[in-house]
**Student:** 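Handing you a structure now.
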Amino acid sequence: MKTPCKILVLISVLSSLGRAHGQQLPRTYTAPEFDKEWRMPTNHPDRIVLSYGEDPATTASVTWRTSSQIDTAYAEIAVATAAPKFWRNARTIKAVTTTFDALEINEAEVLANYHSVWFTGLHSDTTYAYRVGDGKRWSEWIQFKTAPREGREKFSFLYVGDTQNFILELWSRLIREGYKKAPDAKFIVHAGDLVNSAHNEQQWQEWFEAGGHIHGSMGAFPIPGNHEYRSLGPEASERSLSVQWPHQFTLPANGPEGLKETAYYMDYQNMRIIGLNSNVDHKEQAVWLAKVLAETDRDWVVVTFHHPLFSASDGRDNKEWRELMKPIFDKYEVDLVLQGHDHSYARGRVSPNENVLDGINMRDRTGTVYVVSVSGGKMYGLRKNAWEGYDAQRDRAAENTQLFQVITIEDNKLSFESYTAIGELYDAFDLIKKEGLPNEFVERDNEAITERRFTNTIAYQDPLPVGVEEYLKTQYPGFEVDRVSFVNDTDFTGYKVRLDKGGERKELTLDVNGNILD
């Protein structure tokens, strides 16, 4: 062990080096502040969100919010035409209104009314326009298109992983770039953690504000993540689903008992997409899922949930969930699984069922393809040994990169493309379905940009002064620097550093020159 004298000398040398080289302090980020009034409801409709029913050829829903003074509300819907007075053919539907009294719930602290309408008996493959209001105050007319009744025509949808952090600041650019890339996408899969704190009214306002009109015209297919669950207050021990969730989303009610609108499915043309709630009631959902998969005759099956079967990031492993669900996916030959939670990107696959055909080369044929992605601004490091030990092959990965995905299905072909927040193609592959055979897998990563890591992108962590990281490793053998945050406020200027070694963690405070203060 070094003597205290030697330690002081080394710190002094490091400090002198930092000052001698005129080392520039890291640039600090000023997060926006939001007035409480900004998130408060008014008598005018806001937070308008569209979703589809189990049959999106004939059913859709719309949900919106007003102040609690608006206790009666309506939606009007008509087949859209180029004639501006298409509204002459509209029908008016009275909304179901629920009062959302969260005045006593920490971080929510709001009273509002939510209104919802199911549009039923719609014509398939038809463009509709709708508006919502109370009879005097109306939204704009918003358009959407129902699915074809049957068919294998080309269609696309978007998929995004965790929004969660820096929602209005950073997710807005991502989701708007997604809309630019695929303006005709039919719906958006949100794979959990839409917000960071389940009941936080400001964060939900950011989510709606960031997506803007997209939420009202491109159907939402959300499932809850772990951050959609939180206790209702300091004295409540049990975590509960976001109090906003059942009020602000109107989703198919075809899921397992007790999991209404958090686990459900939808049939869009020749695809069945199933959303699971990976937070609770795993065994009950497994039974339900097997039944839903056994009953479908759709060509393509896509499943989405929050916690990955094969974790992308270090220190995470959902073993019980994987061992429960993977055999079901294998048995029913699920094509694609879309996940979140890990704040990095990983895409890989498992071998096809060996009983289907012997001697298949995995490069050409594949079983289920699994994807983990992140769309918000919070980033984690990749699992260092990829998917070793998972009985799966990881083909493509990313760190420190906001991504959205466009998935396109046309007849017997599924095309998957992942894009960065500035529209660069990051990952791509095709699946081709052939009767009686496993899916043919076509790797397209040669079309994409170079893989991104923390080492070749703009630093996510704040940089420490020169030599300080090496010094910390000498003082704490076996520990690695896991997180660095530079703080510059009226109370303190310096660094907050987290060190990790396996499951052991140390939190340090350093001054601007890297001297340890505690």
Side-chain angles (χ1 to χ4, degrees), residues 28-49 62-73 95 97-116 132-134 136-140 162-176 190 193-216 220 222 224-236 239-250 375-378 485 487-491:
T28 55
Y29 180 67
T30 304
E33 294 184 5
F34 300 94
D35 294 335
K36 185 175 181 179
E37 290 72 24
W38 176 73
R39 61 178 172 83
M40 289 293 113
T42 71
N43 290 345
H44 294 269
D46 71 358
R47 298 192 181 183
I48 301 170
V49 59
V62 61
T63 310
W64 69 100
R65 184 187 75 158
T66 65
S67 73
S68 60
Q69 295 177 6
I70 307 300
D71 56 10
T72 304
T97 296
T98 59
T99 297
F100 177 56
D101 186 351
L103 290 171
E104 302 302 318
I105 296 175
N106 187 41
E107 295 188 342
E109 298 155 356
V110 66
L111 176 65
N113 277 349
Y114 278 89
H115 316 277
S116 63
V132 298
D134 65 351
K136 294 188 297 183
R137 308 166 188 88
W138 291 99
S139 70
E140 71 274 33
D162 300 40
T163 305
Q164 191 175 338
N165 305 87
F166 314 105
I167 302 171
L168 185 56
E169 301 151 84
L170 295 178
W171 189 66
S172 55
R173 70 174 188 142
L174 187 285
I175 197 62
R176 294 169 195 179
H190 300 274
D193 283 4
L194 284 66
V195 295
N196 187 52
S197 183
H199 316 302
N200 190 297
E201 191 68 12
Q202 176 190 299
Q203 292 173 16
W204 281 114
Q205 179 67 16
E206 289 187 55
W207 188 84
F208 278 99
E209 192 80 17
H213 72 88
I214 301 170
H215 294 310
N226 56 297
H227 281 268
E228 271 74 63
Y229 280 80
R230 191 168 184 174
S231 63
L232 291 173
E235 297 179 4
R239 290 162 60 86
S240 60
L241 178 67
S242 164
V243 289
Q244 286 91 342
W245 190 278
H247 290 275
Q248 65 193 16
F249 294 119
T250 303
S375 62
K378 181 181 180 182
S485 297
V487 179
N488 187 11
D489 57 32
T490 54
D491 298 321

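Source: prediction; values computed, not measured. Computed from heavy atoms alone, side chains included, the values below leave out hydrogens, waters and symmetry copies.
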**Student:** Would you please name every residue forming a salt bridge (charged side-chain N to carboxylate O under 4.0 Å, His left out) with Glu228, sequence neighbours left out?
**Tutor:**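 By the salt bridge (charged side-chain N to carboxylate O under 4.0 Å, His left out) rule, Glu228 matches no residue at all.
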
**Student:** Residues two or more places apart in sequence or in another chain: which of them pass ring pair (Phe, Tyr, Trp, His ring centres under 6.0 Å) with His44?
**Tutor:**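 By the ring pair (Phe, Tyr, Trp, His ring centres under 6.0 Å) rule, His44 matches no residue at all.
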
**Student:** The criterion is side chain to side chain donor-acceptor pair (under 3.5 Å); which residues satisfy it with Thr98, sequence neighbours excluded?
**Tutor:**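 By the side chain to side chain donor-acceptor pair (under 3.5 Å) rule, Thr98 matches His247.
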
**Student:** Taking ring pair (Phe, Tyr, Trp, His ring centres under 6.0 Å) as the test, write out the residues that go with Trp64, two or more places apart.
**Tutor:**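 So Trp64 forms a ring pair (Phe, Tyr, Trp, His ring centres under 6.0 Å) with His115.
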
**Student:** Under the side-chain contact (heavy atoms from CB on, under 4.5 Å) rule, collect the residues that match up with Asn43, sequence neighbours excluded.
**Tutor:**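 Applying side-chain contact (heavy atoms from CB on, under 4.5 Å) to Asn43 gives Ser67, Gln69, Ile70, Arg137.
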
**Student:** What residues, two or more places apart in sequence or in another chain, satisfy side-chain contact (heavy atoms from CB on, under 4.5 Å) together with Ser68?
**Tutor:**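 Checked Ser68 against side-chain contact (heavy atoms from CB on, under 4.5 Å); matches are Leu111, Asn113.
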
**Student:** Counting N and O atoms only, with roles assigned by atom type, does the side chain of Asp193 sit under 3.5 Å from a partner on the main chain of Asn226, one being a donor and the other an acceptor?
**Tutor:**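 Flag set: sc Asp193 to bb Asn226 pair under 3.5 Å.
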
**Student:** Looking at residues at least two apart in the chain, or sitting in another chain, which of them share a salt bridge (charged side-chain N to carboxylate O under 4.0 Å, His left out) with Glu140?
**Tutor:**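 With sequence neighbours excluded, Glu140 shows a salt bridge (charged side-chain N to carboxylate O under 4.0 Å, His left out) to no residue whatsoever.
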
**Student:** What residues form a side chain to side chain donor-acceptor pair (under 3.5 Å) with Ser139, not counting sequence neighbours?
**Tutor:**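 For Ser139, no residue satisfies side chain to side chain donor-acceptor pair (under 3.5 Å) once neighbours in sequence are set aside.
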
**Student:** Once ring pair (Phe, Tyr, Trp, His ring centres under 6.0 Å) is applied, do any residues pair with Trp38, and if so which ones, sequence neighbours excluded?
**Tutor:**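 Residues passing ring pair (Phe, Tyr, Trp, His ring centres under 6.0 Å) with Trp38: Phe34.
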
**Student:** If the condition is salt bridge (charged side-chain N to carboxylate O under 4.0 Å, His left out), which residues does Glu169 pass it with, not counting sequence neighbours?
**Tutor:**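 Partners of Glu169 by the salt bridge (charged side-chain N to carboxylate O under 4.0 Å, His left out) criterion come out as none, since no residue qualifies.
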
**Student:** For Arg239, check side chain to side chain donor-acceptor pair (under 3.5 Å) against everything at least two apart and list the hits.
**Tutor:**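 Residues passing side chain to side chain donor-acceptor pair (under 3.5 Å) with Arg239: none at all.
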
**Student:** According to side chain to side chain donor-acceptor pair (under 3.5 Å), who are the partners of Glu201, at least two apart in sequence or on a separate chain?
**Tutor:**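 So Glu201 forms a side chain to side chain donor-acceptor pair (under 3.5 Å) with Arg47, Arg65, Gln244.
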
